[in-house]
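First the structure, in the form of structure tokens, and then the observations on it.
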Amino acid sequence: MANSRASLAMERTGQWVFPREIPTDVIVEVGEANFSLHKFMLIAKSNYIRKLIIESKEADLARINLSNIPGGPEIFEKAARFCYGVNFDITVLNVAALRCAAEYLQMTDLYCENNLCSRTEDFLSQVPLSSLSGALVVLKSCEDLLPMAEDLKIVQRCVDVASAKACVEANFPSRSPPNWWTEELTILDVSFFEKIITSMKSGGAKALTIASAIITYAERSLRDLVRDHSGNGIKSLDSGESDIRIQQRDLLQSIVALMPPEKAAFPINFLCRLLRTGIFLRAANICKNELEKRISVILEHATVDDLLVLSFSYDGERQFDHESIRRIISGFVEKEKNVSVFNGGDFKEASSTAMQRVAKTVDAYLGEIATSVDLSISKFNGIANLVPKGARKVDDDLYRAIDIYLKTHPNLDEIERENVCSVMDPLKLSYDARVHASQNKRLPVQIVLHALYYDQLKVRSGTDDQTMPNAVTTRNQLQADVSLMKENEELRTELLKMKMNVKDLQKTQGTSSKGNVKKPTFFSSMTKTLGKLNPFKHGSKDTSNMDDGMPGLTKPRRRRFSIS
């Protein structure tokens, strides 16, 4: 490409070199291109070429090497045209290069009036620096003109104009769509983009304005990585340390470093996609930690899809490490604790609406990742336990996730299944969920019994789901009932033993006391007294109608009624 441009420049030069009747006496080398020109025409405008000829040790200098001239052969051709007085167009695309080339050739007004330096300066001020688009095009052309473009203040002038006009457009859009200016910024290299964003910050631009520009720039510059978050392709992406991956990683880290300090300036779905990109590109920890902190601050706005973006790679199959998810949820819970303490509340007793919303999202997220056969119990429980118990009003979503996990992992033994279920409170299931749980063969027996006993308690109490006490009250009532049942069984056992003793005494004394009125004995008095102590005689656990001599009576097995 460079050779073809050099050949084209030489061919055009041969058409306008003047005067033709005077033979050329110098060849100017610019890279691969050679220009046959006249010394007297060049030195009339260029002090640099004049010095080369005068200071040359050769009596008749025939070749001059200008390969270091900014802009290469194409720009030198235009500078030579200027020396010859041949017209050419100065545009926003070539003005920066012409200005640098003029400076390199010392084509200033001090050497010759109305020289190329002043001509390019006038155009630069009047045309490109009068608009946002023009300033950005010139700034883009400066990427190949460093450091001279910076030394001549071309870069800084373009940055100042672009940032000022971008702020005006953000506040008072002049065309549709209102954020058209953010698209204009995407043509820049990240180093120049950083200069504009820094200038906008110092100019007092709002955080949302800065965020809008960064979002558009990231989605354009990391298009395949940031925009595609469906999990349906890009299987061909190379995750190794290729040059393009290193370049993308540096770009991502630069973008994150530019983010304004306001944590809530960016939408959470964008932050999640950016973090997934950081994980994929193996970005520095400081970059990923910053994104995790920003996500945790606004986690209540996250959807299940947002969290899944962090869990699955671009092929939709491999899962990333769940440590980022754990840190994000932990950060949010810690923030809620601090807010609760600051407000003088008790975090354990009540949870904010945001915390309840996050709990629901986390439970739904667990239901999605539960289908992974590689997900261990410790990781599943670890994420579930990050959410405080009080944040879940009902555990239906968590029960669904547990059921999916047990179905996906059918080879778990009883202890392992109990371990999975330990994160759930069976007393906080809705009626439909309890009915399902009571018939679910995948659940441990203990969980099934909890569900059945809860409904039995509800029926005996004559209440429904709406009037049943909350889970804490119910759990206390269950524990009290278990204690009373145990005491009742002990009393019944003692009572049966006493009645047997009374019958034995009556048989041995029956023959000597026939026909006489029986006096109350100590055992009969004790029997009446114990009968009055029956704790369930007048309550919901009434057992007075049970057959005292029931041969099949067995002591119920003692079970734990809380797995929290």
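Distance alone, capped at 3.5 Å, is enough to place a donor-acceptor pair between the Ser163 side chain and the Asp160 backbone. Using modelled atom types, one side-chain atom of Thr361 and one backbone atom of Arg357 make a donor-acceptor pair closer than 3.5 Å. Side-chain N or O atoms of Lys263 include none that pairs as donor or acceptor with a backbone N or O of Val297 at under 3.5 Å. The backbone N or O of Thr303 lies less than 3.5 Å from a partner atom in the side chain of Asp306, making a donor-acceptor pair. For the pair Tyr111 (side chain) and Tyr48 (backbone), a donor-acceptor distance under 3.5 Å is absent. Under a 3.5 Å cut-off, the side chain of Arg276 and the backbone N or O of Leu308 do not form any donor-acceptor pair. Using modelled atom types, no side-chain atom of Ser125 and backbone atom of Asp122 make a donor-acceptor pair closer than 3.5 Å. A distance-only check finds no donor-acceptor pair linking the side chain of Asp89 to the backbone of Thr91 [under 3.5 Å]. Under a 3.5 Å cut-off, the side chain of Lys45 and the backbone N or O of Leu105 do not form any donor-acceptor pair. In this structure, the side chain of Asn385 does not engage the main chain of Val423 through any donor-acceptor pair within 3.5 Å.
In this structure, the side chains of Glu194 and Ile197 stay at 4.5 Å or more apart for every pair of heavy atoms. The side-chain heavy atoms of Ile53 and Leu42, taken from C-beta on, include no pair separated by under 4.5 Å. Residues Ser324 and Ile279 form a side-chain contact, since some pair of their non-hydrogen atoms from C-beta on lies under 4.5 Å apart. Looking at Leu98 and Phe123, their side chains never come closer than 4.5 Å, going by heavy atoms from C-beta outward. Using a 4.5 Å heavy-atom threshold, the side chains of Met107 and Thr120 count as separate. At least one side-chain heavy atom of Cys142 sits less than 4.5 Å from a side-chain heavy atom of Phe192. Side-chain contact between Trp181 and Pro173 is absent, with no heavy atoms from C-beta onward closer than 4.5 Å. Looking only at side-chain heavy atoms (C-beta outward), Glu336 and Val358 stay at 4.5 Å or farther from each other.
Contact record, Tyr217 with Asp189: OH-C, 3.3 Å, taken as the closest heavy-atom pair. Across all their heavy atoms, Tyr104 and Leu66 have their closest contact at CE2-CD2, 4.3 Å. The minimum heavy-atom distance linking Glu143 with Leu188 is given by the pair OE2-C, 3.7 Å. The heavy-atom pair separating Leu310 from Cys272 by the smallest distance is CD2-O, 3.3 Å. Nearest heavy atom pair, residue Ile325 against residue Tyr365, reads CG1-OH, 3.6 Å. For the residue pair Glu300 and Ala354, the shortest heavy atom distance occurs at CB-CB, 3.8 Å.
Between the side chains of Asp374 and Ser372, no donor-acceptor pair of N or O atoms lies under 3.5 Å. Neither side chain, Ser133 nor Ser131, offers a donor N or O lying under 3.5 Å from an acceptor on the other. With no hydrogens or angles considered, a side-chain donor-acceptor pair links Ser118 and Asp109 at under 3.5 Å. Using a 3.5 Å distance cut-off with no hydrogens or angles, the side chains of Thr216 and Glu183 do not pair a donor with an acceptor.
Other residues, nucleotides and ligands contribute at most 12 non-hydrogen atoms within 6.0 Å of the CD atom of Gln247. A 6.0 Å sphere centred on NZ of Lys360 holds no more than 12 heavy atoms belonging to other residues, nucleotides or ligands. The environment of Asn171 atom CG is dense: over 12 non-hydrogen atoms of other residues, nucleotides or ligands sit within 6.0 angstrom. More than 12 heavy-atom neighbours from other residues, nucleotides or ligands sit within 6.0 angstrom of CD1 on Ile54. Within 6.0 Å of atom NZ in Lys293, 12 or fewer heavy atoms from other residues, nucleotides or ligands are found, so the atom counts as exposed in its surroundings.
If you take CD on Glu334 and CD1 on Ile329, they are separated by 14.0 Å, rounding to the nearest 0.5 Å. With values rounded to the nearest 0.5 angstrom, Leu291 atom CG is found 8.5 Å from Phe270 atom CZ. Here the CE atom belonging to Met259 is positioned 5.5 Å from the CZ atom belonging to Arg294, to the nearest 0.5 angstrom. Summarising the geometry, atom CD belonging to Glu103 is positioned 5.0 Å from atom CG belonging to Leu152; distances are rounded to the nearest 0.5 Å. Taken from OG in Ser352 to NZ in Lys335, the straight-line distance is 7.5 Å, to the nearest 0.5 Å. Taking CG of Asn269 as the start and CD1 of Ile295 as the end, the distance is 10.0 Å to the nearest 0.5 Å.
Residues satisfying the side-chain contact (heavy atoms from CB on, under 4.5 Å) test with Leu129, not counting sequence neighbours, are Leu124, Ala135, Arg157, Cys158, Val161. Under the salt bridge (charged side-chain N to carboxylate O under 4.0 Å, His left out) criterion, Arg249 pairs with Glu241, sequence neighbours left out.
Ion pairing between Glu169 and Lys165 fails under the 4.0 Å rule for side-chain N and carboxylate O. Under the 4.0 Å criterion applied to side-chain N and carboxylate O atoms, Lys195 and Glu150 are assigned as salt-bridge partners. Under a 4.0 Å N-O distance rule, the pair Glu77/Arg81 qualifies as a salt bridge.
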Practice task
Just do the side chain to side chain contact (heavy atoms under 4.5 Å, CB included) check on Val26 and Leu61 with the steps written out, would you?
Solution key: CA-CA 7 Å; Val26 67; Leu61 182 64; 5.5 Å; no
Exercise for the section: Could you check Ile214 against Phe266 for side chain to side chain contact (heavy atoms under 4.5 Å, CB included), going step by step and ending with a plain yes or no? Expected result: CA-CA 9 Å; Ile214 291 177; Phe266 295 88; 4.0 Å; yes
Exercise for the section: Kindly indicate, with the supporting measurements, whether the criterion side chain to side chain contact (heavy atoms under 4.5 Å, CB included) is fulfilled by Ile255 and Ser221. Expected result: CA-CA 10 Å; Ile255 290 173; Ser221 58; 3.9 Å; yes
Handout entry: Residue pair Glu74, Lys78: steps toward the salt bridge (Lys or Arg N to Asp or Glu O under 4.0 Å) verdict
Key = CA-CA 7 Å; Glu74 287 187 90; Lys78 289 179 171 54; 5.5 Å; no
Handout entry: Trace of the side chain to side chain contact (heavy atoms under 4.5 Å, CB included) decision for Ile64 with Ile27
Key = CA-CA 6 Å; Ile64 298 176; Ile27 295 177; over 6 Å; no
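Screening Asn381, Ile377, Leu366 for a side chain to side chain contact (heavy atoms under 4.5 Å, CB included) with Tyr405, the sole residue that qualifies is Ile377.
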